[in-house]
Participant: 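Next up is a structure, given as structure tokens.
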2 protein chains.
Amino acid sequence: MRRMTARPANAHQARLLKLLRDGGPNSRAQLGDQVDLSRSKLAVEVDRLLETGLIVADGLAASRGGRRSHNIRLAPNLRFLGVDIGATSVDVAVTNAELEILGHLNQPMDVREGPVAVFEQVLSMAAKLRASGLAEGFDGAGIGVPGPVRFPEGVPVAPPIMPGWDGFPVREALSQELGCPVMVDNDVNLMAMGEMHAGVAHSVGDFLCVKIGTGIGCGIVAGGEVHRGVTGSAGDIGHIQAVPDGRPCACGNRGCLEAHFSGAALARDAMEAVEQGRSEELAARLAANGALTAVDVAAAAAAGDATALDLIREGGNRTGQVIAGLVSFFNPGLVVIGGGVTGLGHTLLAAIRTQVYRQSLPLATGNLPIVLGELGPTAGVIGAARLISDHLFSPA
Amino acid sequence: MRRMTARPANAHQARLLKLLRDGGPNSRAQLGDQVDLSRSKLAVEVDRLLETGLIVADGLAASRGGRRSHNIRLAPNLRFLGVDIGATSVDVAVTNAELEILGHLNQPMDVREGPVAVFEQVLSMAAKLRASGLAEGFDGAGIGVPGPVRFPEGVPVAPPIMPGWDGFPVREALSQELGCPVMVDNDVNLMAMGEMHAGVAHSVGDFLCVKIGTGIGCGIVAGGEVHRGVTGSAGDIGHIQAVPDGRPCACGNRGCLEAHFSGAALARDAMEAVEQGRSEELAARLAANGALTAVDVAAAAAAGDATALDLIREGGNRTGQVIAGLVSFFNPGLVVIGGGVTGLGHTLLAAIRTQVYRQSLPLATGNLPIVLGELGPTAGVIGAARLISDHLFSPA
DNA sequence: CGACTTTCTCCACTCTCAGGACAAAGACCT
DNA sequence: AGGTCTTTGTCCTGAGAGTGGAGAAAGTCG
């Protein structure tokens, strides 16, 4: 199950691997157009990469008016595992070296069951993907957890919503089980990396990626790099005060953004609305399902329920106010909204946009797109694969 | 007056120059300890730098148990000009290559008089410094302006408090007048660079530098680099909403931080307090000076005036609330408070600390110093000198 | 079939850089 | 005073990195 995975020997090789991964060039000549190396030097490095097996040359491309070029691509048997542990479910996917998803599984699961139970689940999902013939083994794995991570060590720290994970050696344990290198990061950062690799944020150097799910967090990308902060808690905006003397929050303060808008807050507000008889639509759904979640609110809103729409607008306004402050502060080139509640769609986006465009500086909002993520639940796993491939495609 | 200033020919030379500038090594051997080059290669590059005249070897150091080393230092006749244009005054200083201040002038001036008038003043101050024998000419100049800057071009954009400067080619104009390379940046960014070079933020990679003066802004340093945002307006936190439906602000919104706490807001609140008869101390100062400024509030507070202290605490609380959000978001390793109102000293700092430690995540505040800047009014000019020296000490 | 284009390979030459040998200059011990 | 050791700096050689030109390979097009 352990696979020998070569590493690039120098920065040139790393550059070439990443160019091939990120799609685009597929011949020596095209690579030469992008790397500013002489043809001779380029040929040497390509030959060395061919020797290591990290890339392969198979077949000839159609002529473009002269000699046909050799097709160069990353080894087709390379496999990365992307794992995205959410508060209430786990996503596991297999990708090839270009980070295209070959297989994807999703399983409901409560992260509070602790690392041992969750890992058992993750490993069985990975085994299932392997058994289906998508991979003989994994060359690397990336994993996202819903809380702050001490990045260099790959260890969660003081995660509020996942007791039992504090200090658990995620990287080491998973690496042992899978027999391959593993990198760990916050799930929101991975969503940002996913949207940067294959989504709306493609080739944007400075952007914010707000993930609204059970909790609420924000991936920060500055100069093309994820900013994690000194203790790995950067982007943890769920506990920024959104409403002075507002609702009490699990963290002990009042008025935190997360206490006013998140999957959990929305479900709670929907229950209150039913209790107060403000929405027959939601009441009907409660009666049918026995409980209410953000999905019910989204469905009610789609059916035109005024109360549900109000709840979403209200939450969007709160979130938009906080984001407006962050936009003034960070001056990003793009804001991406993602996570479980993107089902709330345009209503939510409109409320956020209104607040940001109204409250932030014109200079900061002048040319600022605020859009929904386009990868949905695959953003996290793609980001996870990208994380480990960035690591493996760097000089050892 | 134009001086020939050589530039390093490669990254090694750039590295050596910066090491020498930032103090520490002063011999070939000590340089060798820090740059991971063979002694031979190091000797070659040092010799080349000696040839260009950027560095000089003068005399021998005391022996440390063996052969005495040659003293190596940056050319002693290199001179940088640091200019810090504030809303109400201008600072101009001359530094040597190590960015030590050799002469410093400060002159009250209203930035709204426009770039032409201000430049006349700046040039006359620079001429005075030159005439006093501190410099024969300038090898480079850095200049900070109180508003957003399109950094690559060195041009202010849409500066709210400095009409008439929008689009004015500051870099080009000053470069023409002084006959040397010029770099332009926001004044707050330069304060951050100053504190990073020679102040409390020395060797801190991720920190925030909040400058409270006539307005309020925040320098953002991530990974040792200043984050300027896509339009150069990053750190403009004065118009983040601090009080819902609060005081009207010049920007058109209500409740902006700057409308509740800044030099201008403090003066206004002090006037109100006098009108309402809430402070005899402030009334006396108004009678004596004909007007009230933040300095009067500071003095009244130092004299124990309860109303003045309340104003400062109130402002500190507002500011602290905003900073608390930024700390949760950015997770810095240090927060520096600077600018004109640092005269408010410990009262202000205590209020800010209270809010941040109470409202931000424990993980983000666990080991987070919140301190006053230690360079005072020299931070800006040192940062300006640092900016241009970073530029000149990079390969051409 | 010849002229031209594109792709790739090979070769000679230059430059960078590391590391060892060694010289210079002093400290320290006997 | 003299020998030994340490520190600093210089010189030299050889291994690689890298460039650019010549030209071969393999195609298109008129």
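Fair warning: this is a prediction, and the values are worked out from it, not measured in the lab. Chain letters run A, B, ... following the sequence lines, proteins first and then strands; every chain starts at 1.
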Participant: Ignoring hydrogens and geometry beyond distance, is the side chain of A/R67 in donor-acceptor contact with the base of C/dT7 at under 3.5 Å?
Facilitator: yes
Participant: Check the distance between C/dC15's P and B/E45's CD and give it to me in whole angstrom.
Facilitator: 14 Å
Participant: With a 4.0 Å limit, can you tell me whether A/H12 has a side-chain N or O closer than that to the phosphate oxygens OP1/OP2 of D/dG18?
Facilitator: yes
Participant: To the nearest angstrom, how far is A/L31 atom CG from C/dT6 atom P?
Facilitator: 18 Å
Participant: Within residues 35-42 of chain B, which residues have any heavy atom lying less than 4.0 Å from an atom of DNA chain D?
Facilitator: B/R39, B/S40
Participant: Does a nitrogen or oxygen in the side chain of B/R68 sit under 4.0 Å from OP1 or OP2 of C/dG26?
Facilitator: yes
Participant: For the pair A/E153 and A/R150, find out whether any cationic side-chain nitrogen is under 4.0 Å from an anionic carboxylate oxygen.
Facilitator: yes
Participant: Calculate the interatomic distance between B/D33 atom CG and D/dT7 atom P; express it in whole Å.
Facilitator: 11 Å
Participant: Can you list the residues that meet the side chain to side chain contact (heavy atoms under 4.5 Å, CB included) rule with B/E225, with sequence neighbours excluded?
Facilitator: none
Participant: Rounded to the nearest Å, what distance is computed from the CG atom of residue A/D47 to the P atom of nucleotide C/dC8?
Facilitator: 11 Å
Participant: Would you kindly check if the NZ (Lys) or CZ (Arg) of A/R79 is within the cone defined by 45 degrees around the ring axis of A/F138 and under 6.0 Å from the six-membered ring centre?
Facilitator: no
Participant: Sequence neighbours left out, what passes side chain to side chain contact (heavy atoms under 4.5 Å, CB included) with B/L134? Give chain and number order.
Facilitator: B/L102, B/L129, B/S132
Participant: Grab the CD1-P distance between A/I72 and C/dT7 for me, whole Å please.
Facilitator: 13 Å
Participant: Testing B/L375, B/L334, B/V221 for side chain to side chain contact (heavy atoms under 4.5 Å, CB included) with B/E195, which one passes?
Facilitator: B/L375
Participant: Could you tell me the separation between the CG atom of B/L60 and the P atom of C/dA27, rounded to a whole number of Å?
Facilitator: 12 Å
Participant: Any Lys/Arg nitrogen of A/D390 or A/R21 sitting under 4.0 Å from an Asp/Glu carboxylate oxygen of the other?
Facilitator: yes
Participant: Rounding to a whole Å, what distance do you find between A/H70:NE2 and D/dA25:P?
Facilitator: 13 Å
